[in-house]
Amino acid sequence: MRLPQRPRRNRSNTVVRAFSREAELAPDRFILPLFIHEKNENEPIESMPGCFRLSPKGLMQEVEGAAKDGIGAIVLFPAIDDSLKDSHGSGSYDSEGIIPRTIRAMKDRWPDLVIVTDVALDPYSSDGHDGIVAEDGTILNDETVEVLCRQALCQAQAGADIIAPSDMMDGRVGAIRTALDADGFEHVSILAYTAKYASAFYGPFRDALDSAPKSGDKKTYQMDPANVREAIREAQLDEAEGADMLMVKPAAAYLDVIRALRETSPLPIAAYQVSGEYAMLKAASERGWLDEQKVVLESLLAIRRAGADVILTYYARQAARWLQES
Ligand code: PBG
């Protein structure tokens, strides 16, 4: 057959396939999320096999291992004892709380490790919401932003490199930027959870931290999964308010949103492969229904191809090791 175009020629061997490859994966594109608690033992997280609520010692071992695997950045999530939660999430800005103490300990040992911290009240809130809940059940925006600023400052004072507000309150990026600058933290970056959807894929994460909302849902602040233009609006606001990087979350079910932000913003775009995505890949792999290494690397590559510069993934260490082997 005479065919002027034969796309298969560009796939004919490893060398030529590498010439035509449009997206790549590398460990320096990964951020590893880690769960920590005050107990002396690591506790397995049932719906996230292979992930643990780490003890202080367990965390140090994990970070050491991650550094060896080529991971340069982590993001911390605290499991807080119920006795320390209240309706205003005041534990979130306690300078002797688990997050600031952990940051200081890690920075002592690894000054070059990039530490990302989550800003939101849910782990500290007796209501399990990212913001303060009014008597009628509404989530108070501006009152919450004040607390978020105190939380962000507390994290920056402890040595956090990148502050990542995941709360989805309006105006928080600008308010946090102002608060950081006023206190001499102009070198601390903001990674905004710009397009964070009201997603059921966060289920295992909420199990891990026991942080599910006690009543209602998060739909009045997190985005409607039906929307993509709204993500662009959020991106424009976060940029104007001083965000250094933008995030889309979850990742796999929102590749079009990643692409939309990539095309409309000059800022680096991060994507969060969330707990439910991890759980799906893990569960099917454990049953032998999917080849874990192949599906994980394919999923991460798809997120890169869609336009993400950075990926937050519970698979960061494992994927880094697979990439080194191949
Ligand atoms: C809390 C927060 C959540 C996640 C990251 N930060 C949960 C939520 O919004 O309910 C989810 C991460 C994951 O599922 O892996 N603000």
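All ligand and atom numbering here is 1-based and tracks the order in the structure.
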In residues 230-238, what donor-acceptor pairs under 3.5 Å come from side-chain atoms, sequence neighbours left out?
unit_1	atom_1	unit_2	atom_2	d
E230	OE1	N227	ND2	2.5
D238	OD2	T194	OG1	2.8

NZ or CZ of K196 within 45° of Y254 ring axis and under 6.0 Å: no

Cation-aromatic face contact K219/Y197, 6.0 Å, 45 degrees: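 K219 over Y197 ring: no.
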
Side-chain heavy atoms of I303 within contact of I258, under 4.5 Å: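 In contact.
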
Under a 4.0 Å N-O cut-off, is there an ion pair linking [X] with [Y]?
X	Y	answer
R206	D122	no
E41	K57	no
K282	E292	yes

S166 N/O under 3.5 Å from ligand 1 N/O: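 Yes, since at least one N or O of S166 sits under 3.5 Å from an N or O of ligand 1.
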
For F205, the option from Y272, F77, Y278 that meets ring-ring contact (aromatic ring centres under 6.0 Å, His included):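 Considering Y272, F77, Y278, a ring-ring contact (aromatic ring centres under 6.0 Å, His included) with F205 is found only for F77.
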
Would you mind listing which atoms of ligand 1 come within a distance below 4.0 Å of any non-hydrogen atom of [X]?
X	value
R206	8 (C), 10 (O)
Q222	8 (C), 9 (O)
Y314	12 (C), 13 (C), 15 (O)
A120	16 (N)

Min heavy-atom dist D167 to ligand 1 below 4.0 Å: no

Min heavy-atom dist Y278 to ligand 1 below 4.0 Å: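 Judged by the 4.0 Å heavy-atom criterion, Y278 does not count as contacting ligand 1.
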
Those residues that, when tested against K68, pass salt bridge (Lys or Arg N to Asp or Glu O under 4.0 Å) (two or more places apart):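 Counting only residues at least two positions away or on another chain, K68 forms no salt bridge (Lys or Arg N to Asp or Glu O under 4.0 Å).
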
Using a 4.0 Å heavy-atom cut-off, which part of [X] comes near ligand 1: side chain, backbone, both, or neither?
X	answer
D130	side chain
Y272	side chain
S275	both

Protein residue, atom and distance nearest to [atom], heavy-atom basis:
atom	answer
atom 12 (C) of ligand 1	F205 CD1, 3.3 Å
atom 8 (C) of ligand 1	K218 NZ, 3.3 Å
atom 5 (C) of ligand 1	K249 NZ, 2.5 Å
atom 9 (O) of ligand 1	K196 NZ, 2.7 Å
atom 1 (C) of ligand 1	D122 OD2, 2.8 Å

